[in-house]
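Okay, structure first, notes after.
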2 protein chains.
Amino acid sequence: MPIPRDARKTRRRSNAAAATIHDVAARAGVSVATVSRVLNGIAVVREETSRDVRAAAKFLRYVPNVAARSLSIRRSQTIGIVLPDVHGEFFSEVIRGIDLAARREGYHILVSGSHNDPGEMLEVVETMRGRVDGLMIMAPDVTLAPIEELMARELPVVLLNAAARTGDAITIDNFGGARAVMRHLHELGHTRVAFVCGPLHNADARERLRGYRHAMRGMETAALRALEFQGAFTEESGFAAGQKIAASLPRPTAVFAANDSMAVGALAAFAAAGIRVPESMSVVGFDDIPIARYVAPPLTTMRVDIAELGRRAFALLLDIIINPAAHTARRERVATTLVVRGSCAVAKSASTRQTRPHRAARVPGSGREKGEVL
Amino acid sequence: MPIPRDARKTRRRSNAAAATIHDVAARAGVSVATVSRVLNGIAVVREETSRDVRAAAKFLRYVPNVAARSLSIRRSQTIGIVLPDVHGEFFSEVIRGIDLAARREGYHILVSGSHNDPGEMLEVVETMRGRVDGLMIMAPDVTLAPIEELMARELPVVLLNAAARTGDAITIDNFGGARAVMRHLHELGHTRVAFVCGPLHNADARERLRGYRHAMRGMETAALRALEFQGAFTEESGFAAGQKIAASLPRPTAVFAANDSMAVGALAAFAAAGIRVPESMSVVGFDDIPIARYVAPPLTTMRVDIAELGRRAFALLLDIIINPAAHTARRERVATTLVVRGSCAVAKSASTRQTRPHRAARVPGSGREKGEVL
DNA sequence: CGCAAAAATGTAAACGTTTACACGAATCGC
DNA sequence: GCGATTCGTGTAAACGTTTACATTTTTGCG
């Protein structure tokens with residue numbers, strides 16, 4: 001449908017449709033190339049011309065058409081984020097961290113959540129292809145990990161918090177964090193420490209378990225297994241585990257829950273069972289979610305800087321996008337920090353005075369030590 | 001740089017760059033128009049041709065270039081979501097709800113959070129223009145509301161949970177919910193009910209306050225004001241308010257906190273002050289955030305179906321996008337549900353037996369009644 | 001003042017789709 | 001059996017940018 005350009009232009013200006021670069025060029029009395037150059041600051045343009053163009057653009061409320069631009073430069077200035085189907089503020093924090101970093105660099109983020117099976121995830125990745133310059137995939141489930149490796153050659157991909165063995169990834173220092181928690185409990189004199197485990201298909205859960213076991217090494221396996229309770233990272237499962245722990249004999253003096261939600265559930269179970277925390281039972285969590293400091297008693301936990309996780313992941317992804325050839329796979333680890341609150345006390349059998357734990361306990365901010373990584 | 005088309009095509013197929021519709025057409029021995037028709041199911045194409053095209057596309061791992069498509073059809077199949085700079089699972093739930101609904105309709109979502117001043121928000125909206133087919137703006141702050149009205153004529157916009165007086169919007173039934181909470185407390189015999197208010201620039205907070213005051217009507221203003229405590233929707237502010245309430249004389253028999261976070265904070269304050277809940281003090285929250293059921297005692301609260309909020313907002317936005325001309329502004333309200341847990345009991349002065357509140361209390365799911373809306 | 005070099009700007013192809021219109025081949029009614 | 005439909009397919013313009021190259025204007029220098 002060949003419409004003469006000038007006719008088209010007339011129509012365009014008459015109704016309310018958005019102004020194009022041609023409109024700006026016409027109004028400023030220059031060519032589209034010049035307009036493009038001015039607006040992108042790409043080449044030397046005479047000061048006066050530049051002013052005219054800017055004025056025309058402003059007057060027409062010109063906004064470049066992103067699709068056309070993407071088509072031309074073959075980049076979308078957008079990255080995709082694929083999240084698993086899990087709720088909670090963990091994810092909003094991750095998005096926040098990424099968004100903050102991305103906006104600084106002029107990138108937008110396309111989000112898709114709610115996928116826990118490889119098929120659906122692959123489908124999402126497929127529809128994002130071509131729409132994004134790079135992909136960030138959060139796949140804590142070990143069973144999901146292999147999929148992304150397929151994509152790696154086609155699109156820059158960073159795995160968040162994942163179990164994959166290859167490619168670029170950012171993970172939380174779960175192992176080191178778990179060991180630091182255990183060290184804290186040991187310093188308080190606890191030796192009989194129960195563990196509430198997260199879902200076993202979750203890579204974070206596994207690593208935390210590994211840290212726990214590493215600290216408990218020397219115990220015979222049977223005795224160790226008796227101290228481990230299965231959970232699912234939910235308050236509910238933590239509550240159930242807490243009930244079992246309350247009923248177990250001999251009862252542990254401390255509980256390390258693999259995340260805060262389960263710790264909160266366990267706390268509720270102990271309260272219901274009449275077990276006082278921290279006097280008769282010490283409890284530690286992992287993540288430092290916001291309510292951790294408002295439960296009774298305030299929860300001692302391992303803080304994970306989630307926004308930092310997002311920030312670092314974006315930096316890594318950008319590095320790949322900018323120079324895919326020169327990039328060599330990196331795997332980074334985000335440190336964790338012990339936050340001491342009121343849910344732990346000196347073990348009954350081991351202590352004399354109430355003040356000792358305060359000397360022994362790490363102050364917030366020093367939770368991770370040199371050389372404790374894997 | 002005029003490169004003959006066939007030369008270009010050769011280059012293209014030789015290195016690893018993505019296949020285009022031309023490659024598919026060439027391989028299937030048809031024209032690009034036919035390929036487009038097959039892949040979009042837009043017109044009648046002979047079964048055999050269709051098969052060939054599909055096979056060629058599959059073989060070449062063809063994925064349509066979204067930018068080119070957007071440019072051509074002048075739509076991006078993407079909607080933008082602008083969130084304020086607030087954390088917490090409320091937002092991840094909203095995104096979840098929208099994402100679910102959007103994906104079903106083949107839409108993607110572009111997210112941008114972290115804006116609490118009009119300037120930054122406007123900037124974000126500006127950069128999203130042209131990139132999205134419609135916008136969803138969450139602006140609980142009354143001061144932010146006016147901005148979007150500017151945009152309304154340029155781009156389909158739905159306000160979530162906002163204070164604007166015009167345009168399309170989805171809001172929570174804060175007023176009705178607050179009244180239902182108060183009715184529940186009245187039925188338990190409470191007349192001296194304190195209120196912990198959210199930030200006054202927040203429209204949700206204002207409506208909940210209005211519901212509270214409506215229920216307390218008949219009280220003289222001075223006495224009423226003495227029962228209102230300022231908070232900020234945070235646990236911390238709830239804790240502070242709880243301390244003040246604990247010290248106030250005569251002490252209220254119940255507290256209605258404008259959100260769960262503050263209710264949790266107040267609970268902690270009462271525990272610290274030795275005030276037993278629910279025996280000496282009833283507490284109700286608003287939102288039903290996940291931990292609500294795991295604090296001690298489990299919190300009675302008003303549930304807001306957040307995912308539903310997102311779902312309805314998307315449906316509304318889609319309606320505008322599809323037929324902007326025929327659309328007439330709608331303002332919808334999402335209902336809330338009273339969830340009775342253990343944080344409320346019959347008022348001391350009014351009751352005889354412990355069982356009565358259970359008869360009087362509404363069961364979960366029946367919190368909202370006909371005719372109680374504004 | 002004249003000419004070469006540098007600077008500023010213009011021209012038009014390319015990015016990969018969609019789709020109005022054109023066109024040839026079946027199919028139909030009589 | 002032959003014009004009129006219908007059906008299937010192809011051709012090429014259009015979407016709004018960017019940018020290589022061409023062209024014009026300015027500047028510098030003898």
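Every chain is numbered from 1, with letters handed out A, B, ... down the list of sequences. As the structure is a computational prediction, the values presented were derived from the model and not from experiment.
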> Counting side-chain heavy atoms from C-beta on, which of D:dA12, D:dT18, D:dG16 comes nearest to A:Leu71?
Replying inline: D:dG16

>> In this structure, how many angstroms lie between the P atom of C:dA8 and the CD atom of A:Glu47, rounded?
In response: 11 Å

> Going by modelled atom types, is there a donor-acceptor pair between the base of C:dG10 and the side chain of A:Arg37 at under 3.5 Å?
Replying inline: yes

>> Looking at B:Arg46, I'd like to know whether one of its side-chain N or O atoms comes within less than 4.0 Å of OP1 or OP2 on C:dA26.
In response: no

> What integer distance in Å separates A:Asn40:CG from D:dT17:C1'?
Replying inline: 9 Å

> Of all the nucleotides listed (C:dC15, C:dT18, C:dT11), which has the minimum atom distance to the side chain of A:Ser72?
Replying inline: C:dC15

> Of the nucleotides C:dT17, C:dT9, D:dT17, which has the atom closest to the B:Arg69 side chain?
Replying inline: C:dT17

> In whole angstrom, what separates B:Ile21's CD1 from D:dG10's P?
Replying inline: 12 Å

> Rounding to a whole Å, what distance do you find between B:Ile42:CD1 and C:dT17:P?
Replying inline: 15 Å

> Given D:dG10, C:dT9, D:dT19, which nucleotide is nearest the side-chain atoms of A:Thr34?
Replying inline: C:dT9

>> Whether B:Arg311 and B:Glu308 form a salt bridge (side-chain N of Lys/Arg under 4.0 Å from carboxylate O of Asp/Glu) is what I want to check.
In response: yes

>> With heavy-atom distances below 4.5 Å as the criterion, would you say the side chains of A:Ile79 and A:Leu317 are in contact?
In response: yes

>> Using a 4.0 Å heavy-atom cut-off, does B:Val66 contact any base of the nucleic acid, only the sugar-phosphate backbone, or nothing at all?
In response: nothing

> What's the CZ-C1' distance between B:Arg74 and D:dG16, to the nearest Å?
Replying inline: 9 Å

> Distance from A:Ile81 atom CD1 to A:Ile109 atom CD1, nearest 0.5 Å?
Replying inline: 4.0 Å

> Going by atom types alone, do A:Ser50 and A:Arg54 pair a side-chain donor with an acceptor below 3.5 Å?
Replying inline: yes

>> Distance check needed: C:dT18 P versus B:Arg75 CZ, whole Å only.
In response: 11 Å

> Phosphate oxygens OP1/OP2 of C:dT18: is one of them under 4.0 Å from a side-chain N or O of B:Ser36?
Replying inline: yes

> Where the side chain of B:Val32 is defined as all heavy atoms beyond and including C-beta, which of C:dT18, D:dG16, D:dT19 is the nearest nucleotide?
Replying inline: C:dT18

>> Below the 4.0 Å mark, does D:dT11 have OP1 or OP2 next to a side-chain nitrogen or oxygen of B:Ser31?
In response: no

> Under 4.0 Å between a side-chain N/O of A:Asn65 and OP1 or OP2 of D:dC15, yes or no?
Replying inline: no

>> For B:Asp52, is there an ion pair with B:Arg27 - N to carboxylate O distance below 4.0 angstrom?
In response: no

> Hey, which of these two, B:Thr49 or B:Ala68, hits DNA chain D nearer its 5' end, going by closest nucleotide?
Replying inline: B:Thr49

> Where the side chain of B:Thr20 is concerned, which of C:dG16, C:dT9, D:dT19 is the nearest nucleotide?
Replying inline: C:dG16

>> Quick one about A:Arg131 and B:Asn65 (side-chain donor to acceptor, distance below 3.5 Å, no hydrogens or angles considered), yes or no?
In response: no

> Which whole-number value in Å describes the distance from B:Ile73 CD1 to C:dG16 C1'?
Replying inline: 13 Å

> How long is the line joining NE2 of A:His22 and C1' of D:dT17, in whole Å?
Replying inline: 9 Å

